[in-house]
Amino acid sequence: MGKYSQVANLIKEKGNVIAFTGAGISVESGIPAFRGAQGLWEKYDPEEYAHINSFVSEPAKIWCMLREMIKLTFDAHPSPAHLALGALEKAGFLKAVITQNVDGLHQEAGNTNIIEYHGNMRNLVCLKCRKKIPLKQEVLTAMPYPTCDRCNKAMKPDGVFFGEQIPISAIEAAHEAVENCKIIMIIGTSGVVYPAAEVPFQAASRGAAVVEINVNPTPFTSAVTQYFLEGSASQVLPRIIDELGLKLSDAQP
Ligand code: OAD
């Protein structure tokens, strides 16, 4: 039996799947991953650009990078991989998506239990008074950066920067999802950013079967992965859906 049928059978037998996703799932949506040739971190050093201290001291500089990132996410649509996860939830197999992504594409693909480990780009937040406002297209023209109308300070997208806390609600929800899952699918993440990268290890240590989808092996592959499906998420996930007799159009965007 091929690996794809094995994974499909596993899903049918065990149910209760969770997905742990990273930037690789959005590559086919037109958003390059952070690390690697086209990645944002090739152009911008994350130590310099993605640390909260840099944002506080030089918001204008960081907003140049953020505008680029926000524009990419505004222009993006769910990939076949996102839709496959939507279909997997609709069929009752997928119980939660724990994502490190801030692009909102899992929501657009119809998933409903999405745990945003690194926050999101739906809102802007003032670091002084914590006021939140929706992040709209207009921020792309706010120069040198959008400011809080209460304290006139720079506003920051509600995504997690290095040096910031992971939202407690996300940690708790991820913990609960991991406790209950029978299968974890690790999709398109390099597994180098902690504490997020602990999630697959926690699931594995609780006895979950580990399926990994990536174009390259990662630190998870030799440590916990049982089924490594090499390839682009937008090719691999639709094949699994097909093996299960489901269709991408089953997703409810
Ligand atoms: P990375 O850019 O570190 O890794 C992307 C992963 O996706 C790599 O393992 C690639 O091999 C894989 N990949 C690329 N194209 C793919 C495709 N078409 N199909 C499947 N896999 C593919 O992105 P993340 O692991 O998400 O955090 O990065 C983790 C965190 O680092 C991000 O959330 C962000 C970043 O700094 C913060 O900003 C806090």
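Counting starts at 1 for both ligands and their atoms, following the listed order. Residue numbers count from 1 along this sequence. Just the heavy atoms: all of them, side chains too, but no hydrogens, waters or symmetry mates, feed the values below.
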Any nitrogen or oxygen of [X], side chain or backbone, less than 3.5 Å from one on ligand 1?
X: Ala233; result: yes
X: Val27; result: no
X: Arg35; result: yes
X: Gly188; result: yes

Quick test of your reading of the model: are [X] and [Y] salt-bridged, counting only N-O distances below 4.0 Å?
X: Lys131; Y: Asp149; result: yes
X: Glu230; Y: Lys3; result: no
X: Glu68; Y: Lys43; result: yes

Only heavy atoms of [X], strictly under 4.0 Å: list the atoms of ligand 1 that pass.
X: Ser232; value: 17 (C), 18 (N), 19 (N)
X: Glu28; value: 18 (N)
X: Ala33; value: 2 (O), 5 (C)
X: Asn216; value: 11 (O)
X: Ala23; value: 23 (O), 24 (P), 26 (O)
X: Gly22; value: 26 (O)

Legend entry - Residue of the set Ile25, Ile240, Ile186, Thr189 for which side-chain contact (heavy atoms from CB on, under 4.5 Å) holds with Ile213: Ile240

Inset, instruction - Give a yes or no answer on whether the side chain of Asn16 reaches the backbone of Asn180 with a donor-acceptor pair at less than 3.5 Å. - result: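 Checking the backbone N and O of Asn180 against the side chain of Asn16, a donor-acceptor pair under 3.5 Å is found.
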
Legend entry - Structural part of Trp41 in contact with ligand 1, heavy atom criterion under 4.0 angstrom: side chain

Legend entry - Derivation of the ring-ring contact (aromatic ring centres under 6.0 Å, His included) call for Phe220 and Phe201: CA-CA 8 Å; Phe220 301 122; Phe201 290 108; 5.4 Å; yes

Inset, instruction - Determine whether more than 12 heavy atoms belonging to other residues, nucleotides or ligands lie under 6.0 Å from atom NZ of Lys61. - result: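 Atom NZ in Lys61 is crowded, with more than 12 foreign heavy atoms closer than 6.0 Å.
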
